[in-house]
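Structure, as structure tokens:
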Amino acid sequence: MALPANRAGLARADDGRLLPCRDHSTLPVVAAPVAAWPVSMPTSVFTRKRLHPQVSRRGTMRAVLISLVFLLAGTAHADSVKGWCERDGKRLDFSDGIAFKDARDESGVVTTTIYLTAKPLDRSALAKSAQARGELGTNTFVSPRGDLIEAQHAAVDAGWIELAHVGGDLDMATIVNIMYLAADGSLTGLDGGNGRIELTAKGERFTGKLVTEARDAPLNETDMRCDLAFDLAVGWPG
């Protein structure tokens, strides 16, 4: 003999508790008479949250984790340049930069050039340049890309740094130039000869610092001081 389940899909157990029943047509006979079943109960008793609260919590946690992943991914891949260099009372502050493959020699070794600039670069103008779309030359002297950047006076006149990284077995980074346009219109170098690049390649990104070390006299007469960090993706705009 079997009794029909109530509309909520619940059955009363021997100890009087209401239990969910998957089969809405028949239930095993229970000791309590049908008339003793409640006619109605608060809606909240039968909600998914009441029966399975972990489902709602897991869904909320999953949504939060997905949002954090996207946020962290965007943050991790954002280019950044921050810091300064100073010598003889002249300080250059840097806020933008770009890294790009600039040459490939006969053996396939790539030289990556990094520019750090005092003001924002016009990347749309760089992307439109037909000169920069050609194949890489065997050395940076025949590359037009550095000239295109240095021609953006609004970005570089207040200061720029040019770095070079040679890959392959050499795996070496060097300071090529630290320059600015003086008030009298002359191009002036700031490099004191005591700078050092700490560079890490992470796939198609370069993360690095430009730091300086104090030297003993008389070499310290040209010493500069730098505290500069950057994190840049390798690639020409466009």
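Being a predicted model, the structure only gives us computed values, none of them experimental. Hydrogens, waters and symmetry mates play no part in the numbers below; they use all other heavy atoms, side chains included.
- For the side chain to side chain contact (heavy atoms under 4.5 Å, CB included) with Glu162, the qualifying choice from Thr113, Ile178, Thr140 is Thr113, the only one to do so.
- Pro237 and Ile98 make their closest contact through CD-CD1, 3.6 Å (heavy atoms, listed as atom of the first residue, atom of the second, distance).
- In the hydrophobic clustering of ILVMFWY residues, with side-chain heavy atoms under 4.5 Å counting as a link, Leu181 and Met224 come out apart.
- Cluster membership check: Met179 shares its hydrophobic cluster with Leu148, using side-chain heavy-atom separations under 4.5 Å among Ile, Leu, Val, Met, Phe, Trp and Tyr.
- Under the 4.5 Å side-chain criterion, counting only non-hydrogen atoms from C-beta, His165 is in contact with Asp171.
- A donor-acceptor distance shorter than 3.5 angstrom exists from the side chain of Arg133 to the backbone of Lys128, with no hydrogens or angles considered.
- Atoms CG and CG, on Asp88 and Leu190 in that order, are 8.0 Å from each other to the nearest 0.5 Å.
- Closest of all the heavy-atom pairs between Gly168 and Val109 is N-CG1, 4.2 Å.
- Side chain of Gln152 to main chain of Asp122: a donor-acceptor pair is present (N/O by atom type, distance under 3.5 Å, no hydrogens or angles).
- Side chains of Lys82 and Leu228 form no contact here, defined as non-hydrogen atoms less than 4.5 Å apart.
- Separating the CG atom in Asn194 from the SG atom in Cys226 is a distance of 7.5 Å, to the nearest 0.5 Å.
- A continuous path of Ile, Leu, Val, Met, Phe, Trp and Tyr side chains, each step under 4.5 Å between heavy atoms, connects Tyr180 with Leu210, placing both in one hydrophobic cluster.
- The shortest heavy-atom contact between Leu170 and Val166 is CD2-CG1, 3.9 Å.
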Check against side chain to side chain donor-acceptor pair (under 3.5 Å), Thr207 and Asp231: CA-CA 4 Å; Thr207 301; Asp231 183 2; 3.2 Å; yes

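- Remark: the backbone N or O of Ala132 is paired with a side-chain donor or acceptor of Arg145 at under 3.5 angstrom.
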Worked verdict on Glu86 versus Arg225 for salt bridge (Lys or Arg N to Asp or Glu O under 4.0 Å): CA-CA 5 Å; Glu86 183 178 43; Arg225 295 189 304 122; 2.7 Å; yes

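- Applying the 6.0 Å contact sphere to CG of Asp147 captures more than 12 heavy atoms from other residues, nucleotides or ligands.
- Looking at every heavy atom in both residues, Ala201 comes nearest to Phe206 through CB-CE2, 3.8 Å.
- Atoms OG1 and CG, on Thr117 and Asp96 in that order, are 4.5 Å from each other to the nearest 0.5 Å.
- Residues Asp227 and Val211 have side chains not in contact (no heavy-atom distance under 4.5 Å, counting atoms from C-beta outward).
- Counting heavy atoms of neighbouring residues, nucleotides and ligands inside a 6.0 Å radius, atom CG of Asp216 does not exceed 12 of them.
- Leu199 is listed as a side-chain neighbour of Phe230, based on a closest heavy-atom distance under 4.5 Å.
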Working for side chain to side chain donor-acceptor pair (under 3.5 Å), residues Arg215 and Thr222: CA-CA 9 Å; Arg215 296 175 295 188; Thr222 62; 3.0 Å; yes

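- Contact annotation: the side chain of Asn177 never approaches that of Asp191 to less than 4.5 Å [non-hydrogen atoms, C-beta and beyond].
- Electrostatic pairing of Arg205 and Asp79 counts as a salt bridge here, judged by a charged N lying under 4.0 Å from a carboxylate O.
- Criterion: ILVMFWY side-chain heavy atoms under 4.5 Å apart, direct or through other members. Under it, Leu232 and Ile197 are part of a common hydrophobic cluster.
- Between Trp236 and Phe100, the ring planes are perpendicular. Angles over 60° get that label, and only those under 30° would be called parallel.
- Defined by atom type and a distance below 3.5 Å, a donor-acceptor pair is missing between the side-chain atoms of Ser95 and Asp93.
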Trace of the side chain to side chain donor-acceptor pair (under 3.5 Å) decision for Asp102 with Ser143: CA-CA 7 Å; Asp102 209 18; Ser143 172; 2.4 Å; yes

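- Here the closest non-hydrogen pair linking Ala99 and Ile114 is CB-CG1, 3.9 Å.
- Between Thr174 and Leu163, the closest side-chain pair of non-hydrogen atoms is not below 4.5 Å.
- Nearest heavy atoms, Val81 versus Gly97: CG2-N, 3.6 Å.
- Atom-to-atom distance recorded for Arg196:CZ and Ile175:CD1 is 10.0 Å, nearest 0.5 angstrom.
- Across Asn139, Thr138, Leu136, a single residue satisfies side chain to side chain contact (heavy atoms under 4.5 Å, CB included) together with Arg104, and that is Leu136.
- Linking Ile, Leu, Val, Met, Phe, Trp and Tyr whenever their side-chain heavy atoms come within less than 4.5 Å leaves Ile161 and Tyr115 in two separate clusters.
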Side chain to side chain contact (heavy atoms under 4.5 Å, CB included) assessment of Arg87 paired with Asp223: CA-CA 7 Å; Arg87 176 183 165 192; Asp223 275 5; over 6 Å; no

